[in-house]
Asker: 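Pasting a structure here, questions to come.
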Amino acid sequence: MISKTKKFLSDSERIVFDRKHRNTIRFNISKYQVSVEAGKKRFSALEDAKSRAAVVKRYVVEHLSSYLEEFEERATANGIEVLWAEDEDEAIMHIKNVIVSEKIKKVVKSKSMTSEEIAFNEVFGDLGVECVETDLGEFIVQNAGEKPYHILTPAMHKSRGDVAQLFNRLFGTSTEATASEMTSFVKGVLRSQFESAEMGLTGANFLLAREGAIALTENEGNGLFSVSYPRVHVVLAGIEKILPSVEYLDLFWPLLALHGTGQRLTAYNSVISGPANESELNGPQRMVIVLLDNGRTNLYQKKYQSESLACIRCGACLNACPVYKNVGGYTYNAVYSGPIGSVIMPHLKPNDDYSHLSFASSLCGACYDVCPVKINLPELLLRNRRDTVEGAKKYVGSSLLMKSLSAVLKNPRYISHINFKIQSFLFSLFMKKGFGKQRDVPTIDKSSFQSQWKNHQIKH
Ligand code: SF4
């Protein structure tokens, strides 16, 4: 079987020369950037808001267990069943128990990357449960037989024309349909699905410890429908999603909206604190929250990388990353892609080899600049790289080669004594692989840098 590293390299080599992919991503990210720049102007002190959010999230991560216990106690008092899942198998078992006991045939889902971690659609689809994605982007990729391309914008790699072609093939709509016509069409399709589903599955943007409630934020209203129509509501949330209380939403909701889409606030913002009570006309009779670890405590134990548990999954670092913009979301071959994915995947899934992702970065720092909770992603990528190198097998040959190279590079006079043809040959021998098939290895100049520098100083 081809290793993940080899697959990453061959997929990226192919996709970076795919002009259509590049144009679609650039177009969609450029629209996002215009919105974000406009949105930033609505903040009087954005840096202060980011600093405050960074402090709050780090404090919560440091005191994670006590906040989680508080959340469990309050949520249980609200009539919510709180279940803990160490890994994806345990999460699947809990949800399967609900599905079997409630005789669920159809589940409507709002957008949830956590559900991707447990391959919800595949697992429950195989068990005969109809799983319907109700977020527009997720609906598109599900019907295309694909996975989400981006943590916040699942169909970012598709143009309007691509979606129109897909809908024409599947549903017979016009290939000339506009974005709003297609959105109306999907709304119509989904309405009957909400009405006939017995269970709604959502994630949680935040878990509110003091209230024992979940906070959901979305633009289409599909999350609200997934919660209010079906008789059972299951929430699958990562344990790091905790905030101390509802009061912090005035900081985190606008920050998430700005960095996710450039909006002041997303259109629908809900705080859900339990199943419907007797006086309520809508809402589920049963509400279950599955708190998923799935490698997060591995991250928690890492002195430096634990900082990444502060992530609020806004997706801004993906949109800023020059590597992501060129190789695209699927090349990462991971649930979480881009800079944050490269930091967390090796720890969430230590048995699957994701360590190569930490090397897929130029360390330019654009991701750090845009992060609303100030996660120092380049620093954490370097920490991951060091862990990988320290944990790797040491070969006598390679360490000898590195020592000799280091001695030569520290003293460039050694190099200038070597004939430039031999220099060129050695350079191209070692660098060919790194430059790839599509680029020529640069040739080495006949005169050394030192002599060129000397001539330059004489002339000036
Ligand atoms: S690391 Fe920061 S920028 Fe990236 S998704 Fe998380 S919160 Fe957003």
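Ligands are counted one by one from 1 in listed order, and the atoms in each one are counted from 1 as well.
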Asker: For ligand 1, does I340 get within less than 4.0 Å through its side chain, its backbone, both, or neither, judged by non-hydrogen atoms?
Answerer: side chain
Asker: Picking from D87, D89, L236, what satisfies side-chain contact (heavy atoms from CB on, under 4.5 Å) with I118?
Answerer: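 The passing option is L236.
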Asker: Against the six-membered ring of F43, is R264 placed for a cation-pi contact (under 6.0 Å from the centre, within 45° of the normal)?
Answerer: no
Asker: Which residue owns the protein heavy atom closest to atom 2 (Fe) of ligand 1, what's the atom, and how far is it?
Answerer: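 For atom 2 (Fe) of ligand 1, the nearest protein heavy atom is C371 SG, 2.4 Å.
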Asker: Could you establish whether V370 and ligand 1 come within less than 4.0 Å of each other, counting only heavy atoms on the residue side?
Answerer: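 Contact check V370 vs ligand 1: negative.
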Asker: Can you list the atoms of ligand 1 that are under 4.0 Å from a heavy atom of C317?
Answerer: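 Close to C317: 1 (S), 3 (S), 4 (Fe), 5 (S).
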Asker: State plainly whether the residues E116 and K147 are in salt-bridge range, i.e. N to O under 4.0 Å.
Answerer: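 Result for this pair is yes, salt bridge flagged.
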Asker: Answer yes or no for C314: is there an N/O/S atom below the 2.8 Å cut-off from atom 8 (Fe) of ligand 1?
Answerer: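 For C314, the answer is yes, given that an N, O or S atom comes within less than 2.8 Å of atom 8 (Fe) of ligand 1.
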Asker: Using the ring of Y354 (Phe, Tyr or Trp, six-membered ring only), decide whether K4 places NZ or CZ under 6.0 Å from its centre and within 45 degrees of its axis.
Answerer: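 Checked: cation-pi criterion met.
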Asker: Got the closest protein heavy atom to atom 5 (S) of ligand 1, with its distance?
Answerer: G315 N, 3.3 Å
Asker: Taking atom 7 (S) of ligand 1 as the point of reference, which of L152, I312, L318 owns the nearest heavy atom?
Answerer: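 Among L152, I312, L318, the closest heavy atom to atom 7 (S) of ligand 1 comes from I312.
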Asker: Side chains of S361 and P339, heavy atoms from C-beta outward: is any pair under 4.5 Å?
Answerer: no
Asker: Is there a side-chain contact between I375 and V343 (heavy atoms, below 4.5 Å)?
Answerer: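 Side chain of I375 against side chain of V343, heavy atoms only: no contact under 4.5 Å found.
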Asker: How far is atom 6 (Fe) of ligand 1 from the closest protein heavy atom, and which atom is that?
Answerer: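 Protein heavy atom with the smallest distance to atom 6 (Fe) of ligand 1: C311 SG, 2.3 Å.
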